[in-house]
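As the structure is a computational prediction, the values presented were derived from the model and not from experiment. Residue numbers begin at 1 in each chain, while the letters A, B, ... track the order of the sequences.
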2 protein chains.
Amino acid sequence: MNIQTNKPEKVCPVEVALNIIDGKWKLRILYFLQDRTLRYNEIQEKIPGITQKVLTSQLRQLEKDGILTRRAYAEIPPRVEYSLTPIGKKLITVYKALNVWALEYLDQELVRN
Amino acid sequence: MNIQTNKPEKVCPVEVALNIIDGKWKLRILYFLQDRTLRYNEIQEKIPGITQKVLTSQLRQLEKDGILTRRAYAEIPPRVEYSLTPIGKKLITVYKALNVWALEYLDQELVRN
DNA sequence: CTGAATCCCATTGGATACTG
DNA sequence: CAGTATCCAATGGGATTCAG
């Protein structure tokens, strides 16, 4: 890609954001974490349809990207809590923008059909 | 999914929006179309790295979802123009929200590293 | 010029079973 | 409880070729 061009493939910020958001369930996860810490199981319960493997993987990615924090307690039974980082909380803004737009969109779809 | 539950798999608006936005290049395309109509080739030039198949496919999806309009002129050489629909233009809001967040995010990443 | 048609591969996500 | 470990299917996206 970009073979012999002088455009240095500058990474558009939006793409960075999209890569972070990308993943079927990530925004859903963020949504539920927006105002409180949740345990692994609690998240899973709130998102019916997600499998453990996928949930774990998306949580790991979000953690890697600095969107949320994972705290494991050395207890029996084990306890792991997830919460949003400050920058993660700010992503809710995007969620809301999406939501506002989606409502408008669905509204006009109704009219179209 | 949701076998024998009473939750009727309500489609979260945000998911609708995500499905529409989803696709590596869609927001980029929207971005370039935000204030003017563009021809196929013009879009392709503005987005280095995208292949024709993918560009065509993403344009078709956006058209199907009512985000943009395709106008083909029966001329030689052929001319095809793309422009945003009203609801498509409103998606720019989301783009901007993403962008604002992404800038903040990249900023703090710099601090972290 | 503006695509459509094929072929192909990598990645994502899902089903299921197992574990410290 | 909070994950791993496998295996598998679907999809997205890329390279290339063909066509109106």
Self-check item: Distance, rounded to the nearest Å, where Ile50(B) contributes CD1 and dT2(C) contributes P
Solution: 15 Å
Practice problem: Give the minimum heavy-atom separation between Val14(B) and Leu27(A), together with the two atoms involved. | Solution: CG1-CD1, 4.1 Å
Practice problem: Can you tell me the distance, in whole Å, between the CZ atom of Arg28(B) and the C1' atom of dG13(D)? | Solution: 16 Å
Self-check item: Over all atoms of both residues, closest heavy-atom pair of Tyr82(B) and Arg60(B)
Solution: OH-NH1, 3.9 Å
Quiz item: Roughly, in whole Å, what's the span from CG in Asn19(B) to P in dG12(D)?
Solution: 10 Å
Which atom pairs link the protein and nucleotides 1-3 of chain D when you take only N or O atoms and keep those under 3.5 Å?
residue, atom, partner, partner atom, Å
dC1(D), OP1, Asn41(A), ND2, 3.3
dC1(D), O3', Arg39(A), NH2, 3.1
dC1(D), O3', Pro78(A), O, 3.2
dA2(D), OP1, Arg39(A), NE, 3.0
dA2(D), OP1, Arg39(A), NH2, 3.1
dA2(D), OP1, Val80(A), N, 3.2
dA2(D), OP2, Asn41(A), N, 3.0
dG3(D), OP1, Arg70(A), NE, 3.3
dG3(D), OP1, Arg70(A), NH2, 2.3
dG3(D), OP2, Tyr82(A), OH, 2.7
dG3(D), N7, Gln52(A), OE1, 3.0
dG3(D), N7, Gln52(A), NE2, 3.0
dG3(D), O6, Gln52(A), OE1, 2.8

Quiz item: Rounded to whole angstroms, how far apart are CD1 on Ile76(A) and C1' on dG20(C)?
Solution: 8 Å
Practice problem: Please state how far atom CD in Gln61(B) lies from atom P in dG12(D), giving the value in whole angstrom units. | Solution: 7 Å
Quiz prompt | Gln52(A) backbone acceptor or donor facing Tyr40(A) side chain under 3.5 Å | solution = yes
Quiz item: Nearest-Å distance, CG (Asp22(A)) to P (dT12(C))?
Solution: 8 Å
Quiz item: With no hydrogens and no angle check, is any side-chain donor or acceptor of Asp22(B) less than 3.5 Å from a backbone partner on Leu18(B)?
Solution: no
Quiz item: With sequence neighbours excluded, what pairs up with Arg39(A) under the salt bridge (Lys or Arg N to Asp or Glu O under 4.0 Å) test?
Solution: none
Quiz prompt | Atom-pair distance (CD on Gln44(A); P on dG13(C)), nearest Å | solution = 16 Å
Quiz item: Can you tell me how far P of dG13(C) sits from CG of Leu55(A), to the nearest Å?
Solution: 12 Å
Practice problem: Tell me whether the OP1 or OP2 atom of dG13(D) has a side-chain N or O from Gln58(B) closer than 4.0 Å. | Solution: yes
Quiz item: Is there side-chain contact between Trp101(A) and Ile21(B), with heavy atoms separated by less than 4.5 Å?
Solution: no
